[in-house]
2 protein chains.
Amino acid sequence: MHLDRLDLRILDCLQNDGSITNQALASKVGLSPSASLKRVRRLRESGIIEREVVLLAPEKLGPTLHMVVEVIMERDHKALYQRFLKQAQAAPEVKQCYQVTGEVDFVLIVIVADMERYELFCDRVLYADPNMRKFRTLISRKRDKFDTRVTLPDE
Amino acid sequence: MHLDRLDLRILDCLQNDGSITNQALASKVGLSPSASLKRVRRLRESGIIEREVVLLAPEKLGPTLHMVVEVIMERDHKALYQRFLKQAQAAPEVKQCYQVTGEVDFVLIVIVADMERYELFCDRVLYADPNMRKFRTLISRKRDKFDTRVTLPDE
DNA sequence: CGTGAAATATGTATCGT
DNA sequence: ACGATACATATTTCACG
């Protein structure tokens, strides 16, 4: 799908503020509301706009630990990787999962309220996988930056 | 700030779909539109609702590499850490930054279009810091999960 | 917190380029 | 194919009970 300058400006606005009204968006990018609306719909349908969400401040909702978990698997078998991925997808504690190259196989970003819940998570998801060889946990007391925006192409 | 069951239900809905109309939200949680609106405003003002955004599919916008970068600093000085954090905050390639405990000091999630831009980033942000001792890059060809939702307290 | 009415916004049909 | 205008529908927002 081709994106022109107007589409990119629309995406830029929406990435920064998803609650902007269609009218305000239209005037910002220099279109009529109906033309703007058509483009936003097209961007949604194409999947470039994946979803619209509200971001919450985790630490204002209670105790919060952010864990960066590096997982090393026993054997490089696709089917075994798939099983692990499926568990990671299903686990609500896992907020992000990256499959990486090198010594480590997966990196997870996990959010839990406390250590006890983290240990429960490890038992349920990590130790439960027979192909999991070992993992290392980096404990974060602070998420200093969290930016969901993507750098858009110049044109 | 105290959150009751209704607030939590509102947050749950909005985390899943920020584009829901206030009317639909109100009927979902069992309130009148005006009561719902007042609560949403209060949640915004309190900072629990941080922002509302549209999430884009990075890979549909062009080539995308996700890097997990583990950074080790030379000395544990707060002022020197602050300087690094400031640079990480300012760098558009850095989407997330976690200060962690243990052998590693910071973990960054970096998004770039290609290796060339990653190297430019390393020069500009990592090597440029005299207190940066070394770093390790885990390259991800795939972001398998990305969930911005937070687990809400039971009550 | 709910109701109802005024102010805004959205969505669609139609026309013009 | 794309955008503008205008109109009908839906939603937001606020004063008041």
Side-chain angles (χ1 to χ4, degrees), chain A residues 1-57 60-62 147-155, chain B residues 1-63 148-155:
Chain A
M1 177 187 176
H2 181 257
L3 300 177
D4 62 15
R5 290 175 267 321
L6 286 169
D7 289 318
L8 294 174
R9 290 186 66 184
I10 287 171
L11 292 175
D12 190 46
C13 289
L14 292 177
Q15 274 201 114
N16 280 289
D17 178 10
S19 70
I20 188 174
T21 65
N22 184 53
Q23 286 195 351
L25 177 65
S27 84
K28 256 199 168 184
V29 304
L31 279 175
S32 69
S34 72
S36 161
L37 193 64
K38 271 182 209 162
R39 280 173 181 262
V40 172
R41 266 211 294 254
R42 215 164 45 95
L43 290 166
R44 257 180 207 289
E45 277 156 21
S46 75
I48 288 172
I49 292 179
E50 228 163 36
R51 56 203 316 238
E52 181 167 346
V53 298
V54 151
L55 301 179
L56 306 183
K60 297 209 175 176
L61 289 162
D147 185 351
T148 59
R149 291 172 300 180
V150 169
T151 305
L152 299 170
D154 286 337
E155 185 160 344
Chain B
M1 178 185 174
H2 183 255
L3 299 176
D4 63 14
R5 287 171 278 305
L6 286 168
D7 289 318
L8 293 173
R9 291 186 67 185
I10 287 172
L11 292 175
D12 190 48
C13 289
L14 292 177
Q15 277 201 112
N16 281 288
D17 177 9
S19 70
I20 188 176
T21 65
N22 183 54
Q23 284 194 353
L25 176 65
S27 87
K28 256 197 168 185
V29 304
L31 278 176
S32 68
S34 72
S36 161
L37 191 64
K38 273 180 209 160
R39 280 171 182 262
V40 172
R41 268 212 281 262
R42 214 164 47 92
L43 291 166
R44 259 183 206 289
E45 278 155 22
S46 75
I48 288 171
I49 293 180
E50 228 162 33
R51 55 201 320 237
E52 181 166 349
V53 297
V54 151
L55 301 179
L56 307 183
E59 68 284 357
K60 298 211 174 176
L61 289 162
T148 58
R149 290 171 303 179
V150 169
T151 304
L152 298 170
D154 286 337
E155 184 158 346

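Chain identifiers are assigned alphabetically (A, B, ...) following the order of the sequence lines, protein sequences preceding nucleic acid strands; residue numbering begins at 1 within each chain. As the structure is a computational prediction, the values presented were derived from the model and not from experiment. Quick note: numbers below take in every heavy atom, side chains included, and nothing from hydrogens, waters or symmetry partners.
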Length of the line joining [X]:[atom1] and [N]:[atom2], which is rounded to integer Å:
X: A:K38; N: D:dT5; atom1: NZ; atom2: C1'; value: 11 Å
X: B:L25; N: D:dT11; atom1: CG; atom2: C1'; value: 13 Å
X: A:R41; N: D:dA1; atom1: CZ; atom2: P; value: 16 Å
X: B:L31; N: D:dT11; atom1: CG; atom2: C1'; value: 17 Å
X: A:R9; N: D:dG3; atom1: CZ; atom2: P; value: 13 Å
X: A:L6; N: D:dA1; atom1: CG; atom2: P; value: 18 Å
X: A:Q23; N: D:dC7; atom1: CD; atom2: P; value: 16 Å
X: A:I10; N: D:dC2; atom1: CD1; atom2: P; value: 12 Å

Practice problem: Mind checking A:T21 for me? I need base, sugar-phosphate or nothing, with any heavy atom below 4.0 Å counting as a touch. | Solution: sugar-phosphate
Practice problem: Identify whether any heavy atom of B:R39 sits under 4.0 Å from a base atom; if not, whether one sits that close to sugar-phosphate; answer base, sugar-phosphate or nothing. | Solution: sugar-phosphate
Exercise. Using modelled atom types only, decide if a donor and an acceptor are shared between the side chain of A:Q15 and the backbone of A:V150 within a distance under 3.5 Å.
Key: yes
Practice problem: For A:N16 and A:D12, indicate whether the former's side chain and the latter's backbone hold a donor-acceptor pair under 3.5 Å. | Solution: yes
Self-check item: Side-chain heavy atoms of A:L43 within contact of B:V54, under 4.5 Å
Solution: no
Exercise. Using a 4.5 Å cut-off on heavy atoms from C-beta on, say whether the side chain of A:E52 contacts that of A:L14.
Key: no
Quiz item: chain B on DNA chain C: first and last contacting nucleotide, 5' to 3', under 4.0 Å to a heavy atom?
Solution: C:dC1 to C:dT3
Quiz item: Over its full length, what angle do the end axes of the helix from C:dC1-D:dG17 to C:dT17-D:dA1 make, each axis taken from five pairs and the result rounded to 10 degrees?
Solution: 30°
Quiz item: With the threshold set at 4.0 Å, does a side-chain nitrogen-carboxylate oxygen contact exist between A:D4 and A:R39?
Solution: yes
Self-check item: Minimum-distance nucleotide to B:L37 side chain [options: D:dT13, D:dG3, D:dC14]
Solution: D:dT13
Self-check item: Straight-line distance of B:L55 CG to A:T148 OG1, nearest 0.5 Å
Solution: 5.5 Å
